[in-house]
Undergrad: 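Quick one: structure below, then a few questions.
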Amino acid sequence: MADTATDRLATVIADIRSAEAEHGREAGAVTLIAVSKTFEADDIRPVLVAGQRVFGENRVQEAMGKWPALRQDFAGIELHLIGPLQSNKAKEAVATFDVIHTIDREKIARALKDEMTAQGRDLPCFIQVNTGEEPQKAGIAPKEADAFIRLCREDIGLTVIGLMCIPPVEEAPGPHFALLQKIAQRNGLSQLSMGMSADYETAVSFGATHVRVGSAIFGGRG
């Protein structure tokens, strides 16, 4: 039984590679985002030592507190913002992160674009789709996704590379992953950020290019 974050990381990577092979995906087609939110730098270091370089954080302030020092010690870190973003944090988000997964409204899209222009950065972006249309959850409604994708790309000028979703916890994730894949395909988007600790292997079978795995690597959060 895996009992350290390093052991669990190896298990998750092996599971992803196995799922890739099983579903006819190219080896390495899926990027593992190790979700390090709420964990301290000392918890993250062993996973970095083991070779993991792509990480996800939910909060801008938390990421700003722990990643600058880690970036000094480890080269090649890629930091993904996977939590909801307020427009007043756009400046810090653009300075801190390399990829944004949670764009779901025009105000934040424009704020991010303005900051990218000001800072001379062009961050790849995912649009978050609320596939379950849950009122408490962030994300654009599926029926509004096509128009919003077009707005972000053509009017605002963001580099939209894909879509992201978080299925309802009480529902089977497969239909939600299939819906996200369908929306992406008809909009010519190749990247799908979907699948977490409980369902990342299912997500691989539906074409996920990025899976966001936290507790299966770092353990439960206190």
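These numbers come from a predicted model, not from an experiment.
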Undergrad: Please answer whether the main-chain N or O of V94 pairs with a side-chain N or O of E115 as donor and acceptor at a distance below 3.5 Å.
TA: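 Checked: no pair found.
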Undergrad: What are the two closest heavy atoms between E57 and S36, and how far apart are they?
TA: OE2-OG, 2.8 Å
Undergrad: Quick one: does T131's side chain have a donor or acceptor within less than 3.5 Å of a partner on H176's backbone?
TA: no
Undergrad: Regarding E134 and K137, does a basic nitrogen lie under 4.0 Å from an acidic carboxylate oxygen?
TA: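 Yes, E134 and K137 are salt-bridged.
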Undergrad: Answer yes when R45 and D73 have at least one side-chain N-carboxylate O distance shorter than 4.0 Å, and no when they do not.
TA: yes
Undergrad: Is there a donor-acceptor contact under 3.5 Å linking the side chains of D7 and T4?
TA: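 Side chains of D7 and T4: pair found under 3.5 Å.
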Undergrad: Using a cut-off of 6.0 Å, state whether more than 12 heavy atoms not belonging to K66 lie near its atom NZ.
TA: yes
Undergrad: Output the distance between atom CG (L180) and atom CG (L163), rounded to the nearest 0.5 Å.
TA: 5.0 Å
Undergrad: Do you know the tightest heavy-atom contact between A109 and I103?
TA: CB-CG2, 3.9 Å
Undergrad: Considering only heavy atoms from C-beta outward, does the side chain of L70 approach that of I44 to under 4.5 Å?
TA: yes
Undergrad: With a 3.5 Å cut-off and no angle check, do the side chains of H210 and S193 form a donor-acceptor pair?
TA: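 Checked: H210/S193 side chains show no N/O donor-acceptor pair below 3.5 Å.
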Undergrad: Near R59 CZ, under 6.0 Å, is it more than 12 heavy atoms from other residues, nucleotides or ligands?
TA: no
Undergrad: What pair of heavy atoms forms the shortest contact from A145 to I183, and how long is it?
TA: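 Looking at all heavy atoms of both residues, the closest pair is CB-CG2, 3.9 Å.
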Undergrad: How about L112 and I156: do any of their side-chain heavy atoms sit closer than 4.5 Å?
TA: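 In short, these two side chains do not touch, never coming nearer than 4.5 Å.
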Undergrad: Residues sharing I166's hydrophobic cluster, by side-chain heavy-atom contacts under 4.5 Å among ILVMFWY, directly or via others?
TA: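 Taking Ile, Leu, Val, Met, Phe, Trp and Tyr as members, I166 shares its hydrophobic cluster with V99, F126, I161, M164, M196.
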Undergrad: So, do T11 and I217 sit near enough that their side-chain heavy atoms are less than 4.5 Å apart?
TA: no
Undergrad: Just how far is it from atom SG of C165 to atom CG of L192, taken to the nearest 0.5 Å?
TA: 8.0 Å
Undergrad: Assess the side chains of D146 and N187: does a donor N or O sit below 3.5 Å from an acceptor N or O?
TA: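 A pair is found: one side chain offers a donor N or O, the other an acceptor, under 3.5 Å apart.
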Undergrad: Taking the side chain as everything from C-beta on, heavy atoms only, tell me whether L48 gets closer than 4.5 Å to Q52.
TA: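 A side-chain contact under 4.5 Å is absent here.
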Undergrad: Answer yes or no: is there a donor N or O on one side and an acceptor on the other, between the side chain of S205 and the main chain of T202, under 3.5 Å?
TA: yes
Undergrad: Which distance, rounded to the nearest 0.5 Å, do you find between the OG of S18 and the NE2 of H23?
TA: 8.0 Å
Undergrad: Please test D104 against N130 for side-chain contact (heavy atoms from CB on, under 4.5 Å), starting from the C-alpha separation and ending with a verdict.
TA: CA-CA 9 Å; D104 66 349; N130 187 348; over 6 Å; no
Undergrad: When you check the gap from the basic side-chain N to the acidic O, do E92 and K89 get nearer than 4.0 Å?
TA: no
Undergrad: Using the side-chain contact (heavy atoms from CB on, under 4.5 Å) rule, take V160 and I127 through it: C-alpha gap first, then chi angles, then the decisive distance, then the call.
TA: CA-CA 7 Å; V160 178; I127 287 170; 3.9 Å; yes
Undergrad: What distance do L123 atom CG and R121 atom CZ have between them, rounded to the nearest 0.5 Å?
TA: 4.5 Å
Undergrad: Does a side-chain heavy-atom distance below 4.5 Å link I33 with V213?
TA: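 Side-chain contact under 4.5 Å: no.
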Undergrad: Decide, yes or no, whether a salt bridge links R71 with D98 under the criterion of side-chain N to carboxylate O below 4.0 Å.
TA: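 Result for this pair is yes, salt bridge flagged.
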Undergrad: What distance separates I100 CD1 from T102 OG1, expressed to the nearest 0.5 Å?
TA: 6.5 Å
Undergrad: Can you measure from OG1 (T209) to CE (M194) and round to the nearest 0.5 angstrom?
TA: 8.0 Å
Undergrad: Please name the pair of heavy atoms, one in E62 and one in K37, separated by the smallest distance, quoted to 0.1 Å.
TA: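 Shortest heavy-atom contact: OE2-C, 3.5 Å.
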Undergrad: Is any side-chain heavy atom of H101 less than 4.5 Å from a side-chain heavy atom of L81?
TA: no
Undergrad: Identify the heavy atoms of P167 and F177 that sit nearest to each other, and give their distance.
TA: CG-CE2, 3.5 Å
Undergrad: Are the side chains of R25 and V204 in contact, using a 4.5 Å heavy-atom criterion?
TA: yes
Undergrad: Listed by chain and number, what are the side-chain hydrogen bond (donor to acceptor under 3.5 Å, both in side chains) partners of R105, not counting sequence neighbours?
TA: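 Residues passing side-chain hydrogen bond (donor to acceptor under 3.5 Å, both in side chains) with R105: none at all.
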Undergrad: As a test of understanding, state which of F39, F97, W67, F74 forms a ring pair (Phe, Tyr, Trp, His ring centres under 6.0 Å) with F55.
TA: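 Single pass found, and it is W67.
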Undergrad: If I compare all heavy atoms of S87 with all of K107, which pair ends up nearest, and what's the gap?
TA: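 Smallest interatomic distance, heavy atoms only, reads OG-CE, 3.2 Å.
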Undergrad: Should V60 and Q86 be marked as a side-chain contact (heavy atoms from CB on, under 4.5 Å) after you check the CA-CA gap, both sets of side-chain angles, and the distance that decides it?
TA: CA-CA 10 Å; V60 176; Q86 304 301 318; over 6 Å; no
Undergrad: Going by heavy atoms in the side chains, are V54 and L32 under 4.5 Å from each other?
TA: no
Undergrad: Examine distances only and state if a side-chain atom of E201 and a backbone atom of I16 form a donor-acceptor pair shorter than 3.5 Å.
TA: no
Undergrad: If the threshold is 4.0 Å, N to carboxylate O, is there a salt bridge linking R110 and D155?
TA: yes
